Colleague: 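Before I ask anything, here is the structure I am working with.
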Amino acid sequence: MPTLFPNPEELALILPQIWLAVFGLAILLLDFLLGPRQKWVNAFGALLGVLASGVALWRLRGVHAVGVPGFGGAIVVDPFFVFFGFLFLASTALVILLSVHYLEVEEEHRGEYYALMLFATVGMMFLAAGTDLVVIFVALETMAASFYVLTGYLRRDKRSNEAALKYLLLGAFSSGLLAYGFSVLYGMAGSTRLTEIGYAFRTPSNEIFPVVALVAVAAGLFFKVAAVPFHQWAPDVYEGAPTPVTAYVSVASKAASFAVLMRLFLVVFEPMRANWELLLGGIALATMTWGNLAALTQTNVKRLLAYSSIAHVGYILLGLVAGNETGLKGMAFYLFAYAFMNTGAFAIVILLRRKGVIGDELDDMNGLIYRNPTAAVLMVIFLISLAGIPPTAGFLGKYFIFLSLIESQHYLLAVFAVLYIVPAVYYYFRIVVHMWLREATDAARPVISPAQAVALAVCTLVTLGALLYAEPFVRLATYSLLGSVVR
Amino acid sequence: MTTPLPYFLDSIWLIPLFPLGTAALMLFFGRRLPNSAVSMLCVGSVLVSFVYSVGAFLQLRAWPFAALGYWPEKVLFDWVSLGAYHTDTRQLAQFTAEWGFLLDPLSAVMILVVTGVGLLIHIYSIGYMGHEGGYYRFFGYMNLFMFSMLTLVLANNLLLMFVGWEGVGLCSYLLIGFYFLRKSASDAGKKAFIVNRVGDAGFLLGIFLTAATLGTIKFAELGPAIQQMGLSVGAPALTAIGLLLFVGATGKSAQLPLYTWLPDAMEGPTPVSALIHAATMVTAGVYMVTRTNAIYQMAPEALAVVAIVGALTAFYAATMGLVQNDIKRVLAYSTISQLGYMFLACGVGAYIAGIFHLMTHAFFKALLFLAAGSVIHALSGEQDMQKMGALWNRVPVTARTMFVAALAIAGIPPLAGFFSKDEILWKTWSSGGIGQILWLLGAVTALLTAFYMFRLINLTFFGQSRVPKEVDHHVHESPAVMTAPLVVLAVLSVVGGWVGIPAALGGSNHFEHWLEPVISQPAGVARAVALADEAHHDPAEYVLMVVSVLLALLGIGLARYIYIRREGLADQLAARWCGLHRLLFRKYYVDELYDALFVNRAKDLGTTLAAFDRHVIDGWGVDGSAWFTRFTSRVSIWWDTWIVDGLVNLTAWVVGVFSYPFRWLQTGRVQNYALVFALGVLILLAYYLRGIL
Amino acid sequence: MIPTSHYLYLALALFTIGVLGVLTRRNVIIILMSIELILNAVNINLVAFARHFGSVDGQIFAIFVVTAAAAEAAIGLGIIIAFFRNRETVLADEMDMLKW
Amino acid sequence: MQFFQDHILSVILFTPTVGAILMLFIRGDRENVHRWMGNLFGMLGFLVSLPLVIRLGENWNTFNPALADFQFVEDVEWIPSIGARYALGVDGISLLLVLLTTLLGAIAILSSWSAITKRVKEYYILMLLLQTGMLGVFLALDFFLFYVFWEVMLVPMYFLIGVWGSDRRLYAAIKFFLYTLAGSVLMLLAILGMYFTYAQQTGVYTFDIRTLLEAVPGFSPTLQQWLFWGLFFAFAIKVPMFPFHTWLPDAHTEAPTAGSVILAGVLLKMGTYGFLRFSVPMLPDAVKEYSQIMVWVSIVAIIYGALVCMMQKDMKKLIAYSSVSHLGFCTLGIFALTPHGLSGSLLQQINHGLSTGALFLIVGVLYERRHTRMIADFGGLSTPMPGFAAIYLIVSLASLGMPLLNGFIGEFTILRGVFEVNKHWAAWGVVGIVLGAAYLLWLYQRVMFGSVTREENQHLPDLNLREYATLVPLVVLCFWIGIYPKPFFEIIDPPMHRIVNRVNPGYYLVDPVKPLPAPSTETGITSATPGSVEVPPQEQR
Amino acid sequence: MVEQFTFYFFAALAVISAVLVITVRNAVYSAVFLITTLLATAGIFLQLRAEFLFVVQIILYVGGIMVLFVFVVMLVDLDIALRQVQFNRQKWVALLVVLAVAGQLVFALALGSEALGLPAAAPESLEPNTESLGLRLFESYMLPFEIASILLLVAMIGAVLLGKRQKPPRSEP
């Protein structure tokens with residue numbers, strides 16, 4: 001006899017999300033009590049929420065490999081989820097730290113911002129945990145809706161408006177396609193549970209519906225991760241959104257989308273691997289190509305990083321193409337490393353934001369080494385890591401991807417993948433050139449606020465530490481694979 | 001197996017070291033020393049070397065070679081010891097080159113000549129260079145040269161010889177370019193060095209081939225190794241070695257076709273010309289051929305080439321010597337010519353005759369140069385014989401000693417040159433084969449030699465004075481420090497040949513007996529020497545002697561007739577055969593030819609390759625589409641401006657080419673994005689439906 | 001009895017029209033309406049399949065799709081208003097500050 | 001002391017890093033403090049590397065050439081889950097390169113004292129980091145570690161060229177970076193290929209170079225060929241071999257003096273080191289198959305580099321192209337695959353580091369005085385700068401292969417080895433030597449001889465004490481190697497013989513007509529003691 | 001027969017109004033036609049025995065969302081919008097692409113539906129379904145229901161945040 005109300009054990013499974021939601025609501029209320037000078041308390045509250053969520057998540061870490069299903073199989077709490085959950089929480093915390101000063105400069109410091117971030121995190125965590133089409137769809141919408149609002153958060157900024165509108169129109173469009181795909185999936189299996197759909201895929205009644213479903217779902221998810229040719233929203237949105245949001249979108253939203261992408265491809269579409277492997281390889285290659293080449297001539301740092309993030313998507317997809325343990329481990333590690341190095345890079349861009357200067361053009365970087373040597377040095381570390389040059393986490397991520405390609409005998413893809421590091425270095429080092437080799441056009445010395453310092457320190461430590469002392473990090477990535485996603 | 005060596009023989013390694021010590025001292029600290037200290041140290045060190053050489057020579061005479069079967073050798077330590085390698089016969093050998101010094105009769109003669117003549121020239125230089133800047137540097141280089149030359153001579157293996165070989169080349173470069181403020185001087189130095197390097201390349205390959213063929217490069221082991229390897233006479237490998245080594249020799253000893261540097265080398269100070277470009281360094285090739293006679297004896301073809309090149313050079317250089325007006329250049333061509341004689345001797349197997357001529361030539365040619373230097377000194381640096389004349393009594397010592405030297409080189413008995421040259425001509429004649437043709441060349445050369453030497457004497461010391469007024473009243477005899485060496489050398493030029501008076505003239509030919517042990521005489525090749533021995537009383541020897549003396553006298557007489565008796569005849573002759581004259585005067589245009597053939601081509605190639613680098617490799621291989629750029633004129637204008645401005649780097653441009661299409665697709669219009677999205681779906685679906693259809 | 005496939009064709013037709021609207025209309029509000037059309041088409045699919053399988057899951061899914069559509073519409077219109085205030089236009093192709 | 005003995009390689013490796021980290025905490029405007037610190041740690045880095053060959057006390061173990069293994073090995077786990085280890089060690093191949101690196105590093109740092117006036121702090125920090133990167137490449141015994149250092153090194157070098165270089169520095173820096181990166185990423189694939197194949201065969205995931213050195217020759221021939229090409233591009237670009245050399249003139253020319261010294265002296269050696277350490281011993285069959293191509297490419301590089309040198313107007317560019325030519329000799333020696341070729345190649349790498357390093361220092365001396373590198377701007381410098389003239393001459397001669405100086409020994413040994421395989425190759429190499437003499441002497445002549453044509457050059461100061469201190473050690477080493485190279489060969493030969501044994505297993509067994517004397521290990525006077533004669537075999541009379 | 005008539009009537013109505021939604025010039029008309037489409041869809045839901053959804057469709061969609069639309073359409077300047085070109089420049093390409101995709105999908109459905117094979121379930125088995133739907137919703141789909149609450153909260157915050165009239169900026173950003 002099913003009960004209408006969940007038992008405590010089941011609630012414990014979603015306790016991390018509950019904490020986030022509770023704190024989000026609390027912030028909305030708290031915000032009314034705070035004066036304009038005290039808005040940082042919101043951020044503090046949000047951090048507390050993340051912390052509480054983290055503690056709750058930490059207590060779930062012991063879940064066994066196949067995971068603990070909850071809510072009648074709507075979600076599963078497995079290492080895969082725990083890993084991604086921590087990743088979301090970490091990036092949320094980092095972005096919160098980076099936001100405080102930024103919002104003060106923008107004079108848009110309000111509690112809704114942090115509440116929305118927490119709600120978005122809720123969505124992402126359900127996305128990573130979801131094993132039901134409905135959960136996935138709603139969680140995705142929750143996350144996306146939060147991001148639409150966050151992107152348009154600077155209402156007075158035309159670029160922010162435009163970015164939000166583009167994001168919304170295209171996001172809704174892709175959601176429509178995704179929902180269409182989901183409906184076909186449902187039509188195939190008669191159920192919304194992924195496991196059932198998985199069965200249906202293993203014994204397909206025909207070969208055409210799976211294809212339609214695959215294409216629709218894949219296109220929808222590729223849109224979310226910004227893979228070519230569904231990526232075009234990314235540069236515009238990244239450029240227009242408030243910079244902390246850009247960091248957040250590029251890191252957390254991407255990780256969440258990859259989580260669901262991995263789960264769907266590995267649980268549902270796996271039987272069709274022969275069908276989509278080549279296609280995915282092609283998309284990954286196209287993504288790397290487009291991202292890298294388009295980034296070469298950008299003059300706006302955020303936009304440049306946007307294209308570069310597209311290129312990174314290509315790399316991560318390659319792990320899925322390889323599909324073996326190394327490849328999946330590589331995806332997890334890559335996303336992990338990416339979260340920290342990319343947030344770090346955006347953090348430097350955020351530093352440059354001050355009254356009257358947006359600070360996201362390459363020229364705004366000029367002579368940063370004179371104006372703030374620490375920032376310039378850290379930026380170099382992040383960029384090196386993004387490019388995939390040791391001794392940084394980014395290298396180890398790429399290492400796994402390349403190794404998996406070799407293991408699965410995708411040699412040509414491997415060659416392309418490694419060679420694309422070269423243009424990547426070129427455009428990342430354009431930023432370096434501006435920071436180190438150009439004379440400063442701007443006398444102002446950006447100051448690192450304490451919160452930003454903490455965030456930067458964490459990013460740096462992880463970016464360097466994940467290679468220099470890589471063992472725990474590799475174990476973490478390995479841990480994520482204990483989950484049910486792996487065959 | 002080891003016998004304790006007597007003191008001087010044990011100390012032969014010190015002989016090169018004394019000059020090296022002072023050379024180092026000069027080069028590093030010479031600037032702070034007064035000239036007198038410089039002279040004392042440098043001349044003193046050469047004197048010490050000379051004393052040690054004499055000591056070693058004397059002790060070597062007592063060396064019981066017959067009993068021991070080997071010559072004293074002093075090995076300091078392994079130098080290049082490379083471990084195992086395969087010889088051409090697929091045997092394993094150990095490549096070792098030691099810092100080892102070998103004193104045998106041959107090197108004993110050489111060190112005596114080198115230190116002896118060197119000492120005299122050093123003394124002479126005190127006077128000659130006394131007023132030049134960079135006095136210490138000059139002596140530093142000179143002593144460095146002494147070191148190198150002595151190393152060359154004393155080396156017990158080919159590689160160490162090569163050290164000296166390159167060392168003398170370097171010193172030659174430095175000393176020729178000593179007046180480095182003069183561009184022609186530094187050009188000449190560079191030319192000398194590079195032409196020598198060409199020769200050295202051959203030498204180096206010769207060393208490799210020796211090692212590869214015989215498994216050793218030690219002189220003492222060459223002969224036994226040939227035996228052991230079972231190589232027969234005329235084995236291709238040996239011929240190849242012989243030819244390669246001879247390429248080295250042609251470079252160093254200025255033989256055809258690598259002789260061009262020597263006349264230019266006259267840009268150096270005159271003592272340098274005397275020491276390096278007459279007495280010692282240029283004879284290194286002859287020494288080397290003699291030193292490796294074990295190989296040449298087994299390689300008759302190579303030997304024939306040596307002989308032919310030698311004879312041709314002798315003749316060819318003599319013809320050019322006929323018309324030169326620069327006093328030192330005449331002597332330079334004469335040197336080349338005389339070196340040709342020496343090679344001719346070696347080529348017909350008469351190595352000892354070659355070395356004999358080497359020695360006597362060292363005496364009289366050094367004397368000629370020093371005397372010429374003295375004349376130049378007297379005339380405040382004038383070298384053009386057209387502006388000399390009638391100096392016989394104004395520089396008496398110089399003139400008389402030079403006259404003696406000229407007689408010696410012309411081959412007038414009983415001066416040194418007569419014996420050595422005659423020995424060569426006789427051995428050539430008697431060697432059979434083409435020997436008689438070569439003899440003819442040699443004999444004509446003797447005529448020419450006598451002619452141009454006395455042309456020089458006549459133009460310089462006799463006839464009308466053509467000395468310009470402003471120079472005229474400065475003319476003076478050189479100081480004693482310069483004339484004394486002249487006198488000593490003059491004496492040597494007279495008596496130097498008496499150590500080798502042939503048996504035919506009742507002498508005992510000590511020289512030949514002294515050197516005989518170092519000449520290897522394998523059974524089959526002993527022909528030439530054996531022939532010479534058999535023909536001990538061949539009347540032909542006397543006939544030839546007379547012929548050559550007559551030719552020499554004819555040359556002297558002609559010179560006297562043309563340049564003293566019938567002044568103006570020379571110019572008439574020159575006008576009559578102006579083509580020939582110009583050809584000779586311009587040295588057969590060989591310099592121009594080499595420039596056109598090699599030097600300029602190498603430069604062109606360099607330019608082309610640099611351009612190739614810039615345009616094709618950078619522009620095509622690396623930067624992809626730049627190739628396309630080059631063929632579209634419009635874009636190439638851009639290209640040029642970019643290169644010139646250096647503002648836009650190429651890479652950025654090329655990546656831009658790739659980048660912009662992707663950027664243009666990013667129109668900023670949301671519906672374009674959606675359209676691309678839809679297109680993506682279309683393609684994805686098409687991909688799958690294609691499979692299903 | 002209407003075959004399930006007819007509903008699917010109907011849904012496809014509405015879906016296609018919706019996509020076409022998104023791709024061609026300049027007015028952002030109409031684009032948003034077209035997206036509603038797309039989601040509506042998905043709902044038809046879902047409900048048709050629900051009847052097909054005789055389960056209510058599809059209908060429940062459809063309720064959530066409607067919810068999502070409502071949320072998107074609300075946010076979308078909010079953004080449009082903010083955009084319109086700043087830029088005095090609602091035309092999609094005049095929205096090109098961010099490009100390249 | 002015991003700790004030092006056990007961890008000497010780590011100490012060598014991280015001494016510069018420690019310096020760099022300390023300097024991070026010193027304010028940037030205290031430039032002289034940074035200069036002193038930089039020099040202190042540069043010198044310290046050199047000093048701590050000396051105990052590898054110099055005994056420190058009773059219980060001190062120095063490098064023993066007789067041992068076949070890697071020595072001073074440190075081996076601890078690093079990333080166990082992927083099998084990467086922190087493993088360091090030296091053998092005869094790397095020992096000299098390590099010493100060369102520490103020496104040139106110290107000298108390069110010393111040479112920058114007055115040349116670097118802006119951003120002093122960053123400069124010294126980057127120099128020291130670069131030092132660590134380069135040392136790591138030579139010391140690593142783990143492929144993963146090796147690759148990390150291999151790439152780490154690029155970044156400081158990029159900045160050295162990019163920040164402190166001359167006019168076209170940006171272009172040169174990024175070109176250098178991208179070019180070398182393109183090669184090294186392909187190497188990464190090759191490394192991963194080995195790693196994976198080994199794991200497939202044995203189930204053990206390891207990057208250990210020692211293990212892979214034994215295992216890789218057993219891989220399938222096809223795979224070996226792919227691996228060869230994968231490694232080839234990385235090394236060939238670094239060397240640089242002929243068609244991949246175009247980054248080098250730009251980078252060398254634009255880099256600051258110290259950067260050029262390090263580039264020429266050490267960085268280029270990484271390519272040849274890679275060939276010697278990995279390509280040849282690991283992939284003997286593939287190497288044998290492609291050795292012909294490689295040899296011809298090397299010969300082209302030798303001659304091409306030399307010819308291009310002739311036409312250069314910029315001193316640094318000329319020297320840069322001369323590196324192409326000289327490194328051509330090194331690769332020529334390697335791909336001759338004979339003991340002499342290999343030994344000579346390694347020695348020539350050291351030689352090139354010393355002499356070309358010194359040449360760049362010399363150009364730096366002039367550049368510091370006149371701020372131009374155009375040959376035409378000089379002439380007749382012998383008069384105002386006699387000491388400089390002497391040193392420059394010696395260095396030029398060393399570079400062009402004058403006997404008694406180091407270059408000769410190296411080139412001779414290489415050509416000896418090449419000659420054994422193919423006489424034509426050696427002949428072409430000799431052509432390179434001749435050309436080498438031409439362009440270097442011509443350069444010397446144009447710069448030093450003649451009368452002083454420009455007023456500015458009239459009173460150029462001669463070398464000062466610091467400049468002597470940078471140049472004299474190199475000159476002394478040039479002479480040492482030229483006159484008594486035996487200690488060097490003793491270190492170099494054993495590993496080269498092992499390589500030959502791998503590539504050409506029958507090499508030492510063919511017709512041992514002449515028994516080989518046991519390799520002597522003592523130094524100094526060996527075959528003859530003073531006062532004795534060595535008796536040559538009886539000569540036939 | 002009635003059933004078929006109902007279906008085809010509503011289907012035709014839905015499609016025709018949908019076409020009108022994207023073709024008419026006036027955005028208000030578009031909204032009206034969208035309402036028509038949605039109502040027609042509601043009819044189809046009813047015909048599919050999804051009474052609860054029928055109600056949701058009318059109340060939530062037509063009553064809620066469309067009011068919002070109309071409101072916004074009124075808010076933005078209508079007159080200008082009317083005079084402007086309604087279709088963008090890529091319309092023909094877009095039409096082509098969309099028709100191609102639609103063709104592919106039709107093709108796929110044609111192939112796929114045949115293979116779907118299941119006979120339609122009897123309508124009676126679904127009747128009455130509101131109760132079972134409610135049970136199912138709170139039994140199996142309680143979690144998405146809860147998440148949806150957050151989604152709606154986000155939408156609310158967002159709409160308020162973005163639609164609110166903004167304060168004049170204190171200084172130029």
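Letters go in sequence order (proteins before strands), and every chain restarts at 1. Quantities reported herein were computed from a predicted structural model and do not represent experimental measurements.
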Colleague: Take B:Tyr687 and A:Val215 through the side-chain contact (heavy atoms from CB on, under 4.5 Å) test and state the conclusion after the steps.
Modeller: CA-CA 10 Å; B:Tyr687 172 79; A:Val215 169; over 6 Å; no
Colleague: Looking at every non-hydrogen atom in both residues, tell me the closest pair between A:Pro229 and B:Gly680 and how far apart they are.
Modeller: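 Closest approach of A:Pro229 to B:Gly680, heavy atoms only: CG-CA, 3.5 Å.
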Colleague: Of all the heavy-atom pairs spanning B:Asn672 and A:Gln232, show the shortest one and how long it is.
Modeller: O-OE1, 4.0 Å
Colleague: Where is the tightest heavy-atom contact between B:Tyr673 and A:Lys166, given as atom of each residue plus distance?
Modeller: OH-NZ, 4.3 Å
Colleague: Less than 4.5 Å to any heavy atom of chain B: does that hold for the side chain of A:Leu169, its backbone, both, or neither?
Modeller: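 Side chain only.
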Colleague: In residues 284-291 of chain A, which residues are in contact with chain B at a heavy-atom separation under 4.5 Å?
Modeller: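 From residues 284-291 of chain A, the residues near chain B are A:Thr289, A:Trp290.
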Colleague: Determine the option with the most heavy-atom pairs under 4.5 angstrom with chain B, choosing from A:Phe223, A:Trp233, A:Tyr427.
Modeller: A:Phe223
Colleague: Using heavy-atom distances under 4.5 Å, tell me whether A:Ile283 contacts chain B through its side chain, its backbone, both, or neither.
Modeller: side chain
Colleague: Tell me, with the steps shown, if B:Val670 and A:Leu165 meet side-chain contact (heavy atoms from CB on, under 4.5 Å).
Modeller: CA-CA 9 Å; B:Val670 68; A:Leu165 194 46; over 6 Å; no
Colleague: Please report the closest heavy-atom contact between B:Tyr688 and A:Asn275, naming both atoms and the distance.
Modeller: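 Nearest heavy atoms, B:Tyr688 then A:Asn275: OH-O, 3.2 Å.
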